Amino acid sequence: MRRVAMGFLLAGLGLSALAWPAFAHHAFAGQYDIDNPIQLTGIVTKIEWMNPHARFYIDVKDESGNVTNWNIELGPPLVLRRAGWKLDSLKAGDQVTVAGYRAKDGAKMANGTKVTLSDGRQVFAGSTADGSPKP
Amino acid sequence: MPNFARSILVVGMLVFSPWVLAQDDPGSISGMVSDSNHAVVPGAPIQVKSVQTGAIYKATSSSTGNYTLGPLPAGTYDLFIVMPGFITYRKPGVVIQGGQKLRLDIPLAEAQLNTLGDGREFYTDIRGVHSVPSGPAPRTPDGKPDFTGVWHAVRDADPDAEIYAEKPAALPWAAAIAKERTEGNGKDSPGVRCLPNNVQPMSATWVNKLVQTPVLLLIFSEGNTPPFRQIFLDRGHPADLDPTWLGHSTGKWEGDTLVVDTFGFNDKAWIAPGNFPHTEKLRMITRIRRPDLGHLELEITYEDPGTFTKPWKVRQVADLAPGEEIWEYICNENNQDAEHMVGK
């Protein structure tokens with residue numbers, strides 16, 4: 001029900017003739033599916049502190065023991081840096097849980113909306129929405 | 001009962017009945033504003049405009065997301081919320097009867113999926129008003145206003161411009177393309193492929209840095225491709241301009257306003273806001289002022305008879321960003337997105 005409602009919202013209200021393009025590089029809704037939220041837990045294998053988006057990759061093991069490498073997209077380094085995330089905020093080998101939305105085209109990709117370390121600390125918990133101080 | 005007496009009774013019943021009194025009683029609209037995760041949204045500016053009188057009534061959602069608009073005279077209202085970080089909410093034709101207390105919960109949709117570093121917080125800051133130092137605008141040794149400085153991304157001069165500003169009179173072909181681009185979440189935007197996103201002189205997304213000399217104004221926008229604009233103050237346009245993405249810019253002072261004429265565009269970049277296309281006939285006139293130390297004002301006029309039936313003005317303001325600096329951004333360093341863009 002909620003998926004239907006949200007789809008309607010985006011379709012019906014996003015058509016403002018004067019709206020600024022609400023994206024720096026691309027609209028995340030053009031690539032990722034708000035109706036397909038995902039939560040992944042795995043080990044960080046690689047970090048790409050690069051443009052136009054910083055990325056990190058995690059190995060996620062399913063119940064059968066099969067491992068899939070997921071590509072997690074973030075904002076660009078210059079924005080992450082201003083908001084308090086450093087190059088070493090996340091390291092290869094860290095176990096993390098990522099919340100985000102899956103790519104619409106079915107690729108093993110997701111955008112990252114929340115990244116939590118195994119000890120419960122939230123990486124980049126600098127947003128006021130989290131109510132947390134900047135790291 | 002004589003007819004006359006009956007009439008008096010009927011009129012009396014109407015005048016003194018609760019129903020008639022209620023028509024003169026003000027009504028109200030109240031409810032809760034929430035986001036796509038059903039979390040409350042405090043500080044949302046809710047406004048209604050009376051269809052009958054044009055009067056505007058405003059309220060702001062509380063820390064618990066609740067709001068009450070009123071007292072409102074009975075009538076029909078168009079309701080809006082324009083809030084940085086969210087898609088503008090519109091609900092036209094809300095009818096309020098006399099004395100009615102209408103409950104209206106409002107779900108806002110994020111303008112971007114709330115990606116870390118590129119989500120609601122980011123865009124709320126970009127589109128928001130920043131505190132700036134006060135004082136007069138600095139001047140160059142030759143007495144001109146000095147635009148030099150690091151500036152936040154430009155925003156609409158009127159925060160409600162999306163609702164109330166002049167609408168572009170686009171030709172049908174251009175309006176159709178703009179609609180398709182917006183509905184498709186900008187999937188074919190040149191920026192997705194690390195090409196110039198739009199033609200406007202200062203970025204609405206990235207930090208801008210202006211460097212002014214007597215003969216040249218340079219505008220650097222850290223995330224743009226290319227990241228610089230040159231505005232020549234000592235010459236006109238060359239006679240044999242080749243069309244380019246961002247055109248050729250010259251500037252002349254009219255008092256304290258720098259009037260920038262940009263011409264010689266190709267037709268590849270988009271016009272923001274609105275995702276409009278343009279033709280090679282586009283001429284962009286930008287009037288830049290620095291009314292005080294902390295603000296830069298831009299009035300951009302898009303003149304393109306191939307796209308619009310009359311010139312279209314857009315007014316913007318940028319806040320000074322003391323202590324800020326622009327950063328390197330090499331867009332095509334690791335661009336994986338273009339091949340995964342689906343659109344709707």
Side-chain angles (χ1 to χ4, degrees), chain A residues 2 5-6 9-34 37 48 50-55 71-83 85 100-101 103-105 107 109 111-115 123-124 126-130, chain B residues 36 39 87-90 107 109 111-123 127 156 161-162 165 167-168 175 178-179 182-187 189 191-192 194 197-198 204-206 222-223 270 272-275 327-338 340-344:
Chain A
R2 188 183 150 227
M6 185 51 65
L9 262 179
L10 293 175
L13 301 175
L15 310 181
S16 172
L18 291 181
W20 288 102
F23 48 86
H25 177 240
H26 68 87
F28 276 84
Q31 186 173 356
Y32 299 101
D33 186 355
I34 195 167
E48 291 175 343
M50 297 162 83
N51 292 301
H53 295 279
R55 298 176 181 281
N71 176 340
I72 310 297
E73 181 171 336
L74 308 169
L78 63 89
V79 177
L80 295 171
R81 178 80 191 218
R82 285 197 178 105
W85 195 334
Y101 298 97
K104 286 179 172 176
D105 70 353
M109 300 177 82
N111 74 323
T113 60
K114 189 186 283 187
V115 181
V123 179
F124 189 57
S127 76
T128 51
D130 297 324
Chain B
S36 53
I87 294 171
T88 292
Y89 181 90
R90 302 156 186 263
Q112 268 286 54
L113 299 186
N114 212 17
T115 302
L116 291 173
D118 208 355
R120 190 204 306 174
E121 301 295 316
F122 176 57
Y123 291 97
R127 307 281 194 257
D156 286 322
E162 198 177 323
K167 301 289 188 288
K179 181 171 184 287
T182 303
E183 288 177 347
N185 287 309
K187 78 177 178 67
S189 159
V192 171
C194 293
N197 241 340
N198 55 64
T205 307
W206 307 98
E222 60 185 0
W270 295 13
N275 297 327
W327 289 57
E328 180 182 279
Y329 176 87
I330 310 297
C331 181
N332 57 9
E333 182 180 24
N334 185 31
N335 184 16
Q336 301 183 20
D337 300 302
H340 293 287
M341 293 299 289
V342 172
K344 289 184 185 178

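Per chain, numbering begins at 1; letters A, B, ... match sequence-line order. This is a predicted model, so every value here is computed, not measured. Note: hydrogens, waters and symmetry copies are ignored here, and every other heavy atom, side chains too, is used.
The candidate with the highest count of non-hydrogen atom pairs below 4.5 Å against chain A, out of B:Met341, B:Glu328, B:Lys187, is B:Met341. Of all the listed residues (A:Pro76, A:Pro77, A:Ala107, A:Gly112), the one sharing the greatest number of non-hydrogen pairs under 4.5 Å with chain B is A:Gly112. Top candidate by heavy-atom pairs under 4.5 Å with chain A, chosen from B:Gln336, B:Glu222, B:Lys344, is B:Gln336. Annotation: maximal heavy-atom pairing with chain B below 4.5 Å, among A:Gly100, A:Ala54, A:Pro52, occurs at A:Pro52. Interface summary for chain B: among A:Glu73, A:Met109, A:Arg55, the most heavy-atom pairs under 4.5 angstrom belong to A:Arg55. Counting heavy-atom pairs closer than 4.5 Å to chain A, the top residue among B:Asn334, B:Ile330, B:Asp337 is B:Asp337.
For A:Asp105, the side-chain hydrogen bond (donor to acceptor under 3.5 Å, both in side chains) criterion is met by B:His340, not counting sequence neighbours. Residues satisfying the salt bridge (Lys or Arg N to Asp or Glu O under 4.0 Å) criterion with A:Asp33, sequence neighbours excluded, are absent altogether.
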Kindly indicate, with the supporting measurements, whether the criterion side chain to side chain contact (heavy atoms under 4.5 Å, CB included) is fulfilled by B:Glu162 and B:Arg90. CA-CA 11 Å; B:Glu162 198 177 323; B:Arg90 302 156 186 263; 4.0 Å; yes

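For the atom pair A:Asn71 CG and A:Asn111 CG, the distance stands at 11.0 Å (nearest 0.5 Å). Here the SG-CE distance, from B:Cys331 to A:Met50, works out to 12.0 Å after rounding to the nearest 0.5 Å.
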